[in-house]
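Data block below; observations after.
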Number of protein chains: 2
Amino acid sequence: MSAGREQGGTGDLEAVLKEAGLRITRQRRVILAILAGGGDHPDALALFRRASRQDPSISLSTVYRTMKVLEERGAIQRHTFEGGPARFEPADGVHHDHLIDLETGKVIEFRSERIERLQEEIAAELGYEIVSHRLELYGRRRGED
Amino acid sequence: MSAGREQGGTGDLEAVLKEAGLRITRQRRVILAILAGGGDHPDALALFRRASRQDPSISLSTVYRTMKVLEERGAIQRHTFEGGPARFEPADGVHHDHLIDLETGKVIEFRSERIERLQEEIAAELGYEIVSHRLELYGRRRGED
DNA sequence: ATGTATGCAAAGAGTTTGCAAATGT
DNA sequence: ACATTTGCAAACTCTTTGCATACAT
């Protein structure tokens, strides 16, 4: 099992847009920078608030539209954790799962080859092939409370 | 790994309400029977439509309210699969995970002790204890398409 | 110059809630 | 009898969309 995340450069996401023939607008530049630099998993509203600080003209619609475009290109991932709104993170190529701290909402990433393999086996036994999957652990720090 | 579900009797859910000092109304009786007898994972609207057939006076609010009450008592589970609305199933005591057929939306239940154990290990390594978790495989039948 | 992206306001899906009337115990 | 539950409509949260204007290329 492994945990942690590598910071992707800001340019990665802009490159995705450029290569798709899409435009790098002032708003998108701001949003992408936040997404690439945050290292966390903000929802649309959080993104909007952070972006507004740098450019008060940005609208929530643009945040959503930008997320949609990036998601379609596979440049970001959209997660819908229990209950809450969708949260976004830059796709770092390697699939990983999430542990959500129930007190703080903080998200810890991890990856387990063994679990990945087991999932494949299970799907195969049931006669299926996996297209995608989602493993989320909701927990609290040990020795708290 | 194991798959399948056992049918719980209709009385189970009514008993939960009774023991909680809540009332068994005509509407609840209908909704609970559908839930217990369906063997599937209907969303609120599906539940509402099926219930309406037996009792056209039932409202969607009542479906939602009934789900909430049962969920609070741990008698049912609420799942929010990718994108869609919440879907409900009677809690059969033993935790299980889900494989969702992407073509049909059908849900197959399974349980893997090994995965359960691995999850615990991972959480422990990260310094957490698991409160709940969610493992969903999205796939398509092999040899199709 | 041209098509793309934007902000705004309105609409949409899913779910919850306030209220007065109905109903289970 | 009396608290609980109901149906209805309105409110709410999150997200998408139509449209006229602004902007990147």
Side-chain angles (χ1 to χ4, degrees), chain A residues 13-35 41-49 51-73 75-88 105, chain B residues 13-35 41-49 51-73 75-88 105:
Chain A
L13 293 174
E14 289 196 10
V16 169
L17 294 180
K18 199 152 265 168
E19 277 155 33
L22 300 172
R23 295 174 182 175
I24 316 287
T25 63
R26 181 171 35 87
Q27 295 89 328
R28 282 181 177 168
R29 216 185 294 274
V30 170
I31 294 168
L32 299 198
I34 291 169
L35 210 45
H41 300 66
D43 60 27
L45 203 55
L47 231 27
F48 169 64
R49 279 191 291 246
S52 299
R53 248 177 270 141
Q54 294 188 230
D55 179 345
S57 85
I58 284 177
S59 78
L60 185 55
S61 310
T62 294
V63 171
Y64 275 113
R65 281 194 273 235
T66 304
M67 293 305 101
K68 177 179 256 191
V69 168
L70 291 175
E71 191 188 11
E72 284 166 359
R73 266 81 187 165
I76 63 165
Q77 282 218 238
R78 174 191 301 250
H79 301 292
T80 336
F81 301 132
E82 212 92 285
R87 298 171 64 171
F88 307 92
Chain B
L13 293 175
E14 290 196 11
V16 168
L17 294 181
K18 199 152 267 168
E19 277 156 33
L22 299 173
R23 293 172 184 177
I24 316 288
T25 62
R26 180 171 37 85
Q27 295 89 329
R28 283 181 176 165
R29 216 185 293 274
V30 170
I31 295 168
L32 300 197
I34 291 168
L35 210 46
H41 300 66
D43 61 28
L45 205 55
L47 231 28
F48 169 65
R49 280 191 291 247
S52 298
R53 246 176 273 141
Q54 295 189 230
D55 178 345
S57 85
I58 285 177
S59 77
L60 186 53
S61 311
T62 293
V63 171
Y64 276 114
R65 281 194 273 235
T66 303
M67 294 305 101
K68 177 179 257 192
V69 168
L70 292 175
E71 191 187 13
E72 284 166 359
R73 265 82 187 166
I76 64 165
Q77 282 217 236
R78 173 191 300 252
H79 301 291
T80 336
F81 300 132
E82 213 93 283
R87 299 171 63 173
F88 307 92

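The model shown is predicted, which means the values in this text are computed figures rather than measured ones. Lettering of chains follows the sequences in order, A, B, ..., and the numbering in each one begins at 1. We use all heavy atoms of the structure for the numbers below, so side chains are in, but hydrogens, waters and symmetry mates are not.
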Separation of [X] atom [atom1] from [N] atom [atom2], in whole Å?
| X | N | atom1 | atom2 | value |
| --- | --- | --- | --- | --- |
| A/E72 | C/dA5 | CD | P | 11 Å |
| A/R28 | C/dG7 | CZ | P | 11 Å |
| B/F48 | C/dT16 | CZ | C1' | 16 Å |
| B/E14 | C/dG24 | CD | C1' | 13 Å |
| B/L45 | C/dT15 | CG | C1' | 12 Å |
| B/R87 | C/dA13 | CZ | P | 19 Å |
| B/L47 | C/dG14 | CG | P | 15 Å |
| B/R29 | C/dT25 | CZ | C1' | 12 Å |

Mind checking [X] for me? I need base, sugar-phosphate or nothing, with any heavy atom below 4.0 Å counting as a touch.
| X | value |
| --- | --- |
| A/L22 | sugar-phosphate |
| A/S61 | base |
| A/I24 | sugar-phosphate |

Open item on the list: For a 4.5 angstrom cut-off between non-hydrogen side-chain atoms, does A/S59 reach A/Q27?
Closed with: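 No, every pair of side-chain atoms sits at 4.5 Å or beyond.
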- [ ] Answer yes or no: is there a side-chain heavy-atom contact under 4.5 Å between B/L32 and B/L17?
- [x]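 They are in contact (side-chain heavy atoms under 4.5 Å apart), so the answer is yes.
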TODO: Check every nucleotide of DNA chain D for an atom under 4.0 Å from a heavy-atom of chain A, then give the first and the last such nucleotide from 5' to 3'.
DONE: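 The contact span of chain A on DNA chain D goes from D/dC14 to D/dT25.
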Task: A/H41, A/H79, A/M67 screened by side-chain contact (heavy atoms from CB on, under 4.5 Å) with A/F88, the one that passes - done: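 Per the side-chain contact (heavy atoms from CB on, under 4.5 Å) rule, the option paired with A/F88 is A/M67, out of A/H41, A/H79, A/M67.
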- [ ] Determine, stepwise, if the pair B/I76 / B/L13 fulfils side chain to side chain contact (heavy atoms under 4.5 Å, CB included).
- [x] CA-CA 8 Å; B/I76 64 165; B/L13 293 175; 4.2 Å; yes
TODO: For residues B/P42 and B/L35, report the shortest heavy-atom separation together with the two atoms involved.
DONE: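 Smallest interatomic distance, heavy atoms only, reads CG-CD1, 4.3 Å.
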Open item on the list: For C/dG7 and A/Q27 - does any side-chain N or O of the residue sit under 4.0 Å from the phosphate oxygens OP1/OP2?
Closed with: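 For C/dG7, OP1 or OP2 has a side-chain N or O of A/Q27 closer than 4.0 Å.
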TODO: Tell me whether the OP1 or OP2 atom of C/dT25 has a side-chain N or O from B/K18 closer than 4.0 Å.
DONE: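 Negative; the distance criterion is not met.
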Open item on the list: Nearest 0.5 Å, please: how far is CZ in A/R78 from CD in B/E82?
Closed with: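 Spacing of CD (B/E82) from CZ (A/R78) equals 10.0 Å.
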Task: Distance, nearest 0.5 Å, that separates CD1 of B/I58 from CD1 of B/I31 - done: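 Here the interatomic distance stands at 5.0 Å.
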- [ ] Assign each of B/I58 and A/R23 to its nearest nucleotide of DNA chain D by heavy atoms, then name whichever residue's nucleotide is nearer the 5' end.
- [x]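 Final value for this comparison: B/I58.
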Open item on the list: Quick check: on DNA chain C, is the nucleotide nearest B/R65 upstream (toward 5') of the one nearest B/D43, or the reverse? Name the residue that is more 5'.
Closed with: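 Upstream on the strand: B/D43.
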